[in-house]
Amino acid sequence: MALSLYNTLTRAKEEFAPIDPANVRLYVCGPTVYDYAHVGNARTFSAFDLLARLLKHLYPKVTYARNITDVDDKIIERSNQSGEGIDSVTTRTTAQFHADMDELGLLRPDIEPRATTHIPQMVAMIQALVDKGFAYAAEGHVLFHVPAMADYGRLSRRSQDELIAGARVEVAPYKQSPADFVLWKPAKPGEPGWDSPWGKGRPGWHIECSAMTAAHFGEVFDIHGGGLDLIFPHHENEIAQSRCAHGTAVMANVWMHSGFLTIAGDKMSKSLNNFYTARELLDEYPGEAIRLALLTAHYRQPLDFTKEKIGQAKQTLDRWYGVLRGLDGVEAVPVPAEVLAALQDDLNTPLAFSHLHELAGAFHRAANADEKWVAAANLKAAAGLLGFLGQDPEAWFRWAPKGAGLDEAAIEAAIQARKDARKAKDFARADRIRADLLAQGIVLEDGPQGTSWKRA
RNA sequence: GGCGCGGUGGCAGAGUGGUGAUGCAACGGACUGCAAAUCCGUGAACCCGGGUUCGAUUCCCGGCCGUGCCUCCA
């Protein structure tokens, strides 16, 4: 079975055909580094992390790029408010972002280009657009002239008339057409800026992705991804810049967009105060459970995010890690065909997870050690492709939220005390010890090999 | 107003032109000193109205409801 992906450009699922099977190129719009990443970001990056994993499974070489936007109005604003230097804000936030994504269990992208290290490429691209008549300078700005591009709006399926009619914002006086967008803007005194043919300034938001993909991937590449909200204007404008600068028919062959999430039924927003940062969730739940919760719905579907969902995901992982617990490692086997097939069908994670559940069930129902071994190995291989069940099972069961009370020595001591009580048939005392542990979030399981524990 | 997405059991969530996944929850049973974990079993759904069809939850049309985007936004 071949890989098929839903392409926003054609609004259809298509069989994926790499431009160069020896190097599949995937670009995802990364964070603007001025604040903590939130669950919405985590969802998008989890979805594309999975795509990168799948591509790497299917092709010998995949280059996964995810940029860091480190020059932007919001960064400047944040710096002005707090007094913290811009470099400090971006460096600190980037480090935090990396720590959060690592803890969620995401692979680092192969390259992570930063906007500020690609200014010359952006200036050159803007110059090319000016030279070709797609852009013009006005009052220190350089603007892309949308009417100059005949088929602008293909990705978002918007006509230029609609754009003009629907313009909600006041149109800047220097724009020739209301839909024109900024490629370069002048730097005010005290703002970061770079010298350019149009004076000291900084790039507009969209140009960085166009310049960086061209620098690292060439004029046309395989897959470009991001959140649903980036379709317009960000990706539409990237396409306009890249295609007009290079004279190509497309910028990327496949455009993929992940769906939005709501928080307990409401749109995530700061005014509703229902904004979860990745960090605060990671203090409370294991990253692997958070990521599983984010992947339980198909990536293009809306996802209603609740802490209860993370709790369920944790329970699921308890069950799966329970299969691996006590086994002396399992040998690597190929990924089960049905799991691979589910993922190759536009990343159908819910279907893939249902197969993992079946494998866990097969393990427990197995009549003999060989069958158990096969089920466990298959589960491990399938989960491995998805980036799950990679840690030591005992470490998983011992994971504790930030500031959790009981330490492991105290738990072990209580278990020993209970064992003695049971031996003496003092079940009242044994049950009291168990109840005390449960009250502190520790669940005991008595098995043939003795008593094991986990955090609820 | 324009463009788009969705309505599946108590909840989550796939999928399919014809015996309606999977998980959680519930209920009964096994196992256990009692639990937990696990196993066995039970009940439980395709928004409404037309159309196409031998047959539609699945395709088409209409309606209702919800929701996203329309130049900050993953």
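Below, chain A is the first sequence line, B the second, and so on; all start at residue 1. All of these numbers come straight from a predicted model, not from anything done at the bench.
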Can you check the distance between [N] and [M], where both ends of the measurement are the [atom1] atom (answer in whole Å)?
| N | M | atom1 | value |
| --- | --- | --- | --- |
| B:C70 | B:A44 | P | 45 Å |
| B:A56 | B:C72 | C1' | 45 Å |
| B:C46 | B:G41 | C1' | 25 Å |
| B:C3 | B:G55 | C1' | 36 Å |
| B:G2 | B:U57 | C1' | 31 Å |

What does [N] pair with, Watson-Crick or G-U, if both distances are under 3.5 Å?
| N | result |
| --- | --- |
| B:G4 | B:U67 |
| B:A56 | none |
| B:G17 | none |
| B:G33 | none |

[X] has a side chain; which of [options] sits nearest to it?
| X | options | answer |
| --- | --- | --- |
| A:Asp229 | B:A21, B:A74, B:A37 | B:A74 |
| A:Glu445 | B:A37, B:A25, B:G4 | B:A37 |
| A:His357 | B:A14, B:C69, B:U22 | B:U22 |
| A:Phe427 | B:U71, B:A36, B:G33 | B:G33 |
| A:Phe232 | B:G4, B:G13, B:C70 | B:C70 |
| A:His298 | B:A14, B:U38, B:A37 | B:A14 |

Sugar-phosphate, base or nothing in reach of [X], heavy atoms under 4.0 Å:
| X | answer |
| --- | --- |
| A:Leu230 | sugar-phosphate |
| A:Asp446 | base |
| A:Glu358 | sugar-phosphate |
| A:Gly259 | base |
| A:Ser258 | nothing |
| A:Leu261 | base |
| A:Arg422 | base |
| A:Arg418 | base |
| A:Lys425 | nothing |
| A:Arg43 | nothing |
| A:Gly226 | sugar-phosphate |

Side-chain donor or acceptor of A:Arg434 under 3.5 Å from a matching atom on the base of B:C34?
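Donor-acceptor pair under 3.5 Å: yes.
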Has the side chain of A:Arg157 got a donor or acceptor atom sitting under 3.5 Å from an opposite partner on the base of B:G4?
no
Using 30° and 60° as the class boundaries, would you call the ring planes of A:Phe221 and A:His224 parallel, tilted or perpendicular?
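Judged by the thresholds at 30° and 60°, the geometry between A:Phe221 and A:His224 is tilted.
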Aromatic ring pairing A:His206/A:Phe181, orientation class (parallel under 30°, perpendicular over 60°, tilted between):
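Perpendicular.
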Determine, step by step, whether A:Ile310 and A:Phe305 satisfy the side chain to side chain contact (heavy atoms under 4.5 Å, CB included) criterion, reporting the C-alpha distance in whole Å, the side-chain angles of both residues, the deciding distance to 0.1 Å, and the verdict.
CA-CA 8 Å; A:Ile310 313 176; A:Phe305 189 82; 3.6 Å; yes
Counting only side-chain N and O atoms of [X], is one of them less than 4.0 Å from OP1 or OP2 of [N]?
| X | N | answer |
| --- | --- | --- |
| A:Asn348 | B:G15 | yes |
| A:Arg319 | B:C39 | yes |
| A:Gln301 | B:A12 | no |
| A:Lys309 | B:G13 | yes |

Planes under 30° and centres closer than 5.5 Å, is that true for A:Phe260 with the base of B:G68?
no
Can you check the A:Lys372 NZ to B:A37 C1' distance for me, whole Å?
12 Å
Separation of atom CG in A:Leu303 from atom P in B:C11, rounded to whole Å
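Taking atom P of B:C11 as the reference, CG of A:Leu303 is at 17 Å.
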Who passes side chain to side chain donor-acceptor pair (under 3.5 Å) against A:Lys13, sequence neighbours left out?
A:Asp345
Within 45° of the six-membered ring axis of A:Phe48 and under 6.0 Å from that ring's centre, is NZ or CZ of A:Arg66 located there?
no
Does the pair A:Asp283/A:Arg279 count as a salt bridge with the N-to-O cut at 4.0 Å?
yes
Excluding sequence neighbours, so at least two apart, what forms salt bridge (charged side-chain N to carboxylate O under 4.0 Å, His left out) with A:Arg418?
A:Asp446
